[in-house]
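The structure presented is a predicted model; accordingly, all values stated were derived computationally and were not measured. Each chain gets a letter, A, B and so on, in the order its sequence line appears, and its residues count up from 1.
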Amino acid sequence: MSPSQLRDRPPTAEGQAPTGRPARRRRPPSTIVVAFAFLAPALISLVVLRIAPAAVALSESLFRESFLRGGTVFVGLENYADLFGNADFNNALLVTLVFSAIVNPLQIGVSFLLAVLYTRRAAGSKIWRSLVVLPIAVPPAVSAVVWSVIYRPDGLGNSFLALLGLPEQPFLSSPQQSLASIMVLLSWIGVGYWMLFLIAGINDVPTELYEAASIDGASAWRKLWSVTFPLVRRPLAFVLVADTVSNFLIFAPVQILTKGGPSGSTNLLMYDIYTRAYTLGDLNKAQAEVIILVLLTLVVVAVQFRLLRSSDNA
Amino acid sequence: MNFLGPEDAATFAPVIKAFEAKNPDITVKYSQVPFDQLNSTLQQRLGAKDDTIDVYTVDQPRLSQLAAQGFLEDLSSLKDQTEAAVPEAQYSVNLYQDKMWALPVWNSTQLLFFNKTALDAAGVTYPSADPSERRTWEQIATDAKAVQAAGTQYGLLLEQVEAYYQLQPLAESAGGGSGITGKDNLTVDVTNPGWEKAMKWYSDTFASGLSPRGVGGFQTSPLFSSGKVAYFVGGPWDVGAFSKADVNWGVAPMPYFEGGSKATPTGSWSWGINPASKNKAAAKKFLEFASLDTAGNLATTEATTIIPANSAATEQYLPKLEALGGDHAKGLAKLIANENTETAKARPVTVGYIQFEEIMGKAFADIRNGSPVDERLKQAAQQLTDAWKQL
Amino acid sequence: MSSVTRTSISKRRTLGYIGLSALGACIGLLFLLPLWWTFVNSLRAGGDTFRFLDPLQWETFFTLTPSLDNYAALLSSDLGLATWNSIFVSTVTVIIGLAICSMAAFALAAIPFKGSGVVFIVVVVSFLIPFDAIAIPLADLFRDWNLQNTYTGLILPGLGNGMAIFLLRTFFLAIPQDLVEAGRLDGLGWWGIFRRIYLPLSVPSLIGAGLTLFLFQWQSYVWPLLNGTDAQHILGPIALSNLQGQFNVDYGVMFAGSIVLTVIPLAIIIGFQRYFIQSVTTTGLK
């Protein structure tokens, strides 16, 4: 990935020139010194607390340790090769990709619509939207208990379906519905949070623009599509990337509710890593799996940046 | 001296207090780590030779691995004393390669609880608490169906629906053995006819609606307390909870398969010493008190209803447990004493136990949700063979 | 425009207002429902938690005999101390973390310099790395530095947050360059531009980033355990988890604890709501 692909700043001339010119006039410390003075605390903490331990993980993924035979041996990429030859790992990879392909557009779409809804003039919208944000604050263990009650055969979910005259569903105990059930739970937790960032973006859209569009007689949908959507593109880009990343790292609900089952249908990579490290006790291979997960996320995020950039130019 | 475990502080307060009274020069500081994080926390901190842990609780089936990793101090000098003080199964689980690595503190078993009101409604007779009148799974399933037909929501429920601890006796009773064989106990054996029979029966209880799918292991006993289950297989710790709930219950021995052997789960927690500890002498004193001393061992069970490992302590404890259950628990003391010595089948001692438990747990979950039994057991055997190759 | 169409427009406006309010209320209540159920059951004895599930009845969501016993039981647990510790650790993290992250984001968004692309890659990669996966090597490092069982050891991992930097940079990029130019003409240096122009214009995104930093610490669970935290430094989620025994779970008490741990972030979210109304353009151009 080249640096230029990661930058979504519009490549216009006015974008960068003004900050450069006065700097030359007054001869302050060169911009690179200033920039690094601003960056130093963050860079140090990121490198020491995130990148360095990750480098440890990377190096450990090249070794293999056996407590029965004792000692550690260098095995190169063998851990990676073993993983790709392992049916459970390949299944986890597939499940994770399917999961991401569905859950991200779903959550972002819903949070966008909610953000639009809760920025319209309406009674009590501040209260209602606080309720939508609320689940992010619930301790994960408790959300899992509550949703296991919802998804129980005699639970709240089926009671509501019965109220609507719909047939009983197996939810988490069916390989066909379990992943979707996890997605609903995660959306309950997450959409309010992502909505907050989009609300911050929508409120940046000058109200005059809406008024202008109203006078033109644009329909609500048209306004949404042609006025709001392009203007919140930047926060939307953030939400897209951040949501994608966090959905690659989903773990707690799987551990508490399904343990990856039934039949591996909810075995997301992060949970597979956890079982490999702590229950199967294969720390080195788990580290290799972490590296694969990070690379996978990196590729997906790079593609997203590229798409966002090309839509920028369009 | 620092002591680390997964229980809340109140559980161990009595034993710590009693120990400190006897040894005024030693103070014990207990810290709690939630059960779901205990293993990873111990792995990291013991691996880093953290000397702020002196004594820690050891889940008995994990003992071999911890010993093989060098995370436990050798306690072989206490072998003879221990063998004399506790039941055989509780002594041997602490051995790995002929050395003793921890002292047993708690023991356990499983019992068949039943809802008297529900059984009455269907005119089904109560099972007896007498071990010689133990019912078969086949009888219980038939009766449970009748009770269900008379209006009780579920016929039968096992407390830890997906746990090897709970399901091992099914396979043992059907003649399938523990599922592990071989010289080092590192050969899988879960595809034999006994295992298949037991798992097919288990699968059927869910397919026929006798047991509910989709109820997690941690919600099963509340389901019985609220009167929605006819027969419930659970532990002695449920006695305390059920006697507080308004359900009319009784207790009987855990069933077996017709024509098969009688088997019940056993085992619980031992305590061991961290080799990096700087207070090993004090730590050893504390272990001896909590396990080998009758009063000390009894003190560990003061706050939680669990069976003490020490035989003399068990003898004093069981009548108290029976009294706690009142009329519901008639015959409980005799029953548990019988199970401890006659039917207890310990989990296999193997360095590969953790992998075994995890992989079998997933297989049990899938079987419960309707996966074809033969295929799923074969898959589990394959996964285990792969996992054990790495050790 | 004729008066007829004007009244029909205003009529449609009122209808729209009512419709949107109702829709907003329904969705909000739907999101609240699972938590409301938790709250109601925190007022009931633990044994009754699963009693009123099927069929759906008014008692599923209400109780006529609320009792505070479960909350009283919390008093004898570590949850009180743990909540204070969590508040302390999270507050310090938010304050220092926001300072660090917003400075970095400013450098990436406003200062053109060689290598900013590389730095940005470091930032992005750092938040792709699952924290739980690096917690073990990190805990080994912290042990070498004697940071186990200290507040510093709890706070440090939360400070540099790649996602917060990324978020702030995104919003900083939207700040019109003519404002910066005007600041320059007023004689502001980089620090002045950052403090006087960027920060005041970015209140909503600073709150968003603060929330990200806050939640990371408020829910931290694996890290404090690995870092060897004793009873003095215990945090909320661990105290909550410690409430459930290995053999029996009292859901009444557990739900009461989780309500306590949920109410505090809720108060914060509601408290900061009004800042989300301000927009960069209105505050900036006034």
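Contacts with chain C were tallied for Val149(A), Thr244(A), Val290(A), Leu163(A); Val149(A) has the most, counting heavy-atom pairs under 4.5 Å. Highest contact tally toward chain A, considering only Val125(C), Leu261(C), Val119(C), is held by Val119(C) [criterion: heavy-atom pairs under 4.5 Å]. Contact count against chain A (heavy-atom pairs under 4.5 Å) is highest for Leu167(C) among Ile100(C), Leu32(C), Leu20(C), Leu167(C). Chain A forms more heavy-atom pairs under 4.5 Å with one residue of Phe214(C), Phe127(C), Tyr221(C), Trp218(C) than with any other, namely Phe127(C).
In this structure, Arg129(A) contributes its side chain and Tyr118(A) its backbone to a donor-acceptor pair below 3.5 Å. A donor-acceptor pair under 3.5 Å is absent between the side-chain atoms of Asn158(A) and the main chain of Asp154(A), judged by distance alone. Listed for the Trp145(C) side chain is no donor-acceptor partner under 3.5 Å among the backbone atoms of Gly153(C).
Proximity to chain A (any heavy atom under 4.5 Å) is restricted, for Leu33(C), to the side chain, taken from C-beta onward. Leu114(A) touches chain C through its side chain: at least one heavy atom from C-beta onward sits under 4.5 Å away, while N, CA, C and O do not. Neither the backbone nor the side chain of Ile273(A) comes within less than 4.5 Å of any heavy atom of chain C. In this structure, chain C has a heavy atom under 4.5 Å from the backbone of Ala37(A), while its side chain stays farther away. For Val48(A), the parts sitting under 4.5 Å from any heavy atom of chain C are the backbone and the side chain alike. Contacts of Ile193(C) with chain A are absent, with no heavy-atom separation under 4.5 Å from either backbone or side chain. Residue Ser125(A) does not touch chain C at all, counting heavy-atom pairs closer than 4.5 Å. Using a 4.5 Å cut-off between heavy atoms, Pro130(C) touches chain A through backbone and side chain atoms alike. At a 4.5 Å heavy-atom cutoff, the contact between Val294(A) and chain C is made by backbone and side-chain atoms alike. Looking at Tyr193(A), the atoms closer than 4.5 Å to chain C (heavy atoms on both sides) all sit in the side chain, from C-beta outward. Within the 4.5 angstrom heavy-atom criterion, only side-chain atoms of Pro135(A), from C-beta onward, approach chain C. Proximity to chain C (any heavy atom under 4.5 Å) is shown, for Val132(A), by both the backbone and the side chain. When heavy atoms are compared at a cutoff of 4.5 Å, Glu289(A) does not approach chain C at all. The part of Phe36(A) that comes within reach of chain C is its side chain, from C-beta onward, which places non-hydrogen atoms under 4.5 angstrom from that chain. Neither the backbone nor the side chain of Ala162(A) comes within contact range of chain C; no heavy atom of the residue lies under 4.5 Å from a heavy atom of that chain. With a 4.5 angstrom heavy-atom cutoff, Leu138(C) touches chain A via backbone and side-chain atoms both. Asn161(C) touches chain A through its backbone: at least one of N, CA, C or O sits under 4.5 Å from a heavy atom, while the side chain does not. Only the side chain of Phe142(C) comes within contact range of chain A, with at least one heavy atom under 4.5 Å from a heavy atom of that chain. Contacts between Ile165(C) and chain A at a heavy-atom distance below 4.5 Å involve the side chain alone, from C-beta outward. Of the atoms belonging to Leu240(C), it is side-chain heavy atoms, and not backbone ones, that fall under 4.5 Å from chain A. The contact between Val123(C) and chain A is made by backbone and side chain atoms together, counting heavy-atom distances below 4.5 Å. Contacts of Thr38(C) with chain A are made by side-chain atoms alone, with heavy-atom separations under 4.5 Å and no backbone atom involved. For a residue to count as touching a neighbouring chain, one of its non-hydrogen atoms must lie under 4.5 Å from one of that chain's; by this rule Val245(A) touches chain C with the side chain only.
Ring centroids of Phe120(C) and Phe166(C) are separated by less than 6.0 Å, placing the two rings close together. Taking the six-membered ring where the residue is Trp, the centroids of Phe255(C) and Trp37(C) are separated by under 6.0 Å.
The minimum heavy-atom distance linking Pro137(C) with Val56(A) is given by the pair CB-CG1, 3.9 Å. Across Leu49(A) and Pro157(C), no two heavy atoms sit closer than the pair CD1-CA, 4.0 Å.
Side-chain contact annotation: Ser102(C) with Tyr198(C), donor-acceptor N/O pair under 3.5 Å absent.
Interatomic distance, CG of Leu235(C) versus OG of Ser220(C), reported as 5.0 Å (0.5 Å rounding). In this structure, Ile264(C) CD1 and Ile259(C) CD1 are separated by 12.0 Å, a value rounded to the nearest 0.5 Å.
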Side chain to side chain contact (heavy atoms under 4.5 Å, CB included) evaluation trace for Leu293(A) with Met270(A): CA-CA 8 Å; Leu293(A) 176 63; Met270(A) 203 51 211; 3.8 Å; yes
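Figure legend: Arg184(C) and Trp190(C) shown as a cation-pi pair, the cationic atom lying under 6.0 angstrom from the six-membered ring centre and within 45 degrees of its axis.
Aromatic ring orientation, Phe106(C) versus Phe172(C): perpendicular (interplanar angle above 60°, classes split at 30° and 60°). Taking the six-membered ring where tryptophan is involved, the planes of Phe216(C) and Phe131(C) are perpendicular, since the angle between them exceeds 60° and thus also 30°. Taking the six-membered ring where the residue is Trp, Phe194(C) and Trp191(C) present tilted rings, their angle falling between 30° and 60°.
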